[in-house]
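Quick notes on the structure that follows.
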Amino acid sequence: MQTVAVIDYGMGNLHSVAKALEHVGAGRVLVTSDAQTIREADRVVFPGVGAIRDCMAEIRRLGFDSLVREVSQDRPFLGICVGMQALMEHSEENDGVDCIGLFPGRVRFFGKDMVEGGEHLKVPHMGWNEVQQSIEHPLWHEIPDGGRFYFVHSYYVEAGNPAQVAGRGHYGKDFAAALAEGSSFAVQFHPEKSHTHGLQLLQNFVSWDGRR
């Protein structure tokens, strides 16, 4: 039976992610902060919610910045929400925070006065939104282009390498909703809260061999 490790660094709704993975037949799902358990897992999920400064402080304290760079190279690896943002080089949240740097690019604030079509857009961006698929990828299997997913975020990813953008969202401005490189995939939305399409993405992840 395969093992999926959900990295626990004290930030994120980890058990809802774990339950969703179990629901789609992930096998043995372990919510863990043990580095060796994470290293031995067949697949790794890196979720997160909250302020990036607090997240990165815990990630560095636990040595998970180097661990994430290690385990993301040789097995299927999925970043979710702030977990995706932590994989970038830098976030402008909290007056600027250096992140893990797995993907080139920055995390930026949507802004306080966004208007589109005469309508004032609230921040955080919260609710259902379409994701336009930028590339073909095994994690999009049986998910329609333009499928809707559930988002909660005030900051968005500005990718440094457009070729790594696997999906795009729009909320006042275009932003990277999903990134892909090698055996790593990361999403800004919450698949565990995104009903049919989100569960399909998680099911695709647990059957993915880490190749395009």
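For the single chain, residues carry numbers from 1 onward in sequence order.
- At a threshold of 4.5 Å between non-hydrogen side-chain atoms, the residues V6 and V29 count as touching.
- The two atoms that bring P162 and G160 nearest to each other are CD-O, 3.8 Å, heavy atoms only.
- F110 has its ring centre no less than 6.0 Å from the ring centre of Y155.
- Closest non-hydrogen pair, E136 versus R212, comes out as O-NE, 3.6 Å.
- Neither side chain, E93 nor Q85, offers a donor N or O lying under 3.5 Å from an acceptor on the other.
- Applying the 6.0 Å contact sphere to NZ of K19 captures no more than 12 heavy atoms from other residues, nucleotides or ligands.
- Between the side chain of D8 and the backbone N or O of V31 there is no donor-acceptor pair closer than 3.5 Å.
- For D145 (side chain) and Q133 (main-chain N/O), a donor-acceptor pair under 3.5 Å exists by modelled atom type.
- Residue-environment remark: CD (Q36) exceeds the threshold of 12 foreign heavy atoms within 6.0 Å.
- Judged by distance alone, the side chain of E192 and the main-chain N or O of A20 form no donor-acceptor pair under 3.5 Å.
- Here E158 does not pair with R106 in a salt bridge; the nearest charged N to carboxylate O distance is not below 4.0 Å.
- Contact check for V4 versus V44: no side-chain heavy atoms found under the 4.5 Å cut-off.
- No donor-acceptor pair closer than 3.5 Å links the side chain of N94 to the backbone N or O of G96.
- Proximity of a side-chain donor or acceptor of D42 to a complementary backbone N or O of T3 within less than 3.5 Å is detected.
- Looking only at side-chain heavy atoms (C-beta outward), F64 and R69 stay at 4.5 Å or farther from each other.
- Side-chain contact, H170 with E116: a donor N or O sits under 3.5 Å from an acceptor N or O.
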>> Quick one, F205 with V45, criterion side chain to side chain contact (heavy atoms under 4.5 Å, CB included). Give me CA distance, side-chain angles, the key distance, then yes/no.
In response: CA-CA 10 Å; F205 173 71; V45 178; 3.7 Å; yes
>> Pair F149, I143 - check side chain to side chain contact (heavy atoms under 4.5 Å, CB included), show working.
In response: CA-CA 11 Å; F149 293 86; I143 297 173; 3.9 Å; yes
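- Between M88 and V157 the shortest side-chain heavy-atom distance falls below 4.5 Å.
- With contacts defined as side-chain heavy-atom distances shorter than 4.5 Å, the pair D174/Y156 does not qualify.
- Side-chain contact check for F109 versus S154: some heavy-atom pair is nearer than 4.5 Å.
- For S183 (side chain) and S72 (main-chain N/O), a donor-acceptor pair under 3.5 Å exists by modelled atom type.
- In summary, the aromatic rings of F46 and Y9 are positioned with their centroids under 6.0 Å apart.
- For the pairing with F185, the side chain to side chain contact (heavy atoms under 4.5 Å, CB included) check across L179, I80, L201 returns one residue only, L201.
- A ring-centre distance under 6.0 Å is found for H153 and F175.
- Although no hydrogens or angles enter the test, the distance criterion places no donor-acceptor pair under 3.5 Å between the side chain of S184 and the main chain of A180.
- Although no hydrogens or angles enter the test, the distance criterion places a donor-acceptor pair under 3.5 Å between the side chain of S207 and the main chain of Q203.
- Here the closest heavy-atom approach between residue G111 and residue V123 is recorded as O-CG2, 3.1 Å.
- For the atom pair CZ (R53) and CD (E58), the distance works out to 14.0 Å, reported to the nearest 0.5 Å.
- The neighbour count for R28 CZ, taken as heavy atoms of other residues, nucleotides or ligands under 6.0 Å away, does not exceed 12.
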>> Set out, in order, the CA-CA distance, both residues' side-chain angles and the distance that settles side chain to side chain contact (heavy atoms under 4.5 Å, CB included) for E40 and V71, then state yes or no.
In response: CA-CA 9 Å; E40 292 173 355; V71 300; over 6 Å; no
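- Paired with V152 under the rule side chain to side chain contact (heavy atoms under 4.5 Å, CB included), one option of H125, Q188, M126 passes, and it is M126.
- In plain terms, the two heavy atoms of A41 and A5 that are nearest each other are CB-CB, 3.6 Å.
- Here the CE-CG distance, from M84 to L102, works out to 11.5 Å after rounding to the nearest 0.5 Å.
- The CG atom of L30 sits 12.5 Å away from the CG atom of L14 when rounded to the nearest 0.5 Å.
- Of the options H137, E142, H141, a side chain to side chain contact (heavy atoms under 4.5 Å, CB included) to N204 is made by H141 and by none of the others.
- Y150 and V187 fall into different hydrophobic clusters, defined by Ile, Leu, Val, Met, Phe, Trp and Tyr side-chain heavy atoms under 4.5 Å apart, directly or through other members.
- Side-chain contact check for H90 and D98: at least one donor-acceptor pair (N or O, by modelled atom type) lies under 3.5 Å.
- Checked by atom type and distance alone, the side chain of R148 never pairs as donor or acceptor with a backbone atom of V131 at under 3.5 Å.
- Within the 4.5 Å cutoff, no side-chain heavy atoms of V49 are placed close to those of P47.
- Looking only at atom types and distance, the side chain of R43 has a donor-acceptor partner in the side chain of Q2 under 3.5 Å away.
- One distance of note links CD1 of I135 with CZ of R168; it measures 10.5 Å at 0.5 Å rounding.
- Contact check for L121 versus Y171: side-chain heavy atoms found under the 4.5 Å cut-off.
- Rounding to the nearest 0.5 Å places CD1 of I7 at 8.5 Å from CD1 of I59.
- If you run side chain to side chain contact (heavy atoms under 4.5 Å, CB included) between V97 and each of V107, D54, I52, only I52 comes through.
- Among all heavy-atom pairs drawn from P138 and R211, the shortest one is CG-O, 3.5 Å.
- Checked against the 6.0 Å centroid threshold, F151 and F189 count as a close aromatic pair.
- One finds the CG atom of L62 at 10.0 Å from the CG atom of L67 (value rounded to the nearest 0.5 Å).
- Listed for the R60 side chain is no donor-acceptor partner under 3.5 Å among the backbone atoms of C55.
- In this structure, W140 has its ring center no closer than 6.0 Å to that of H197.
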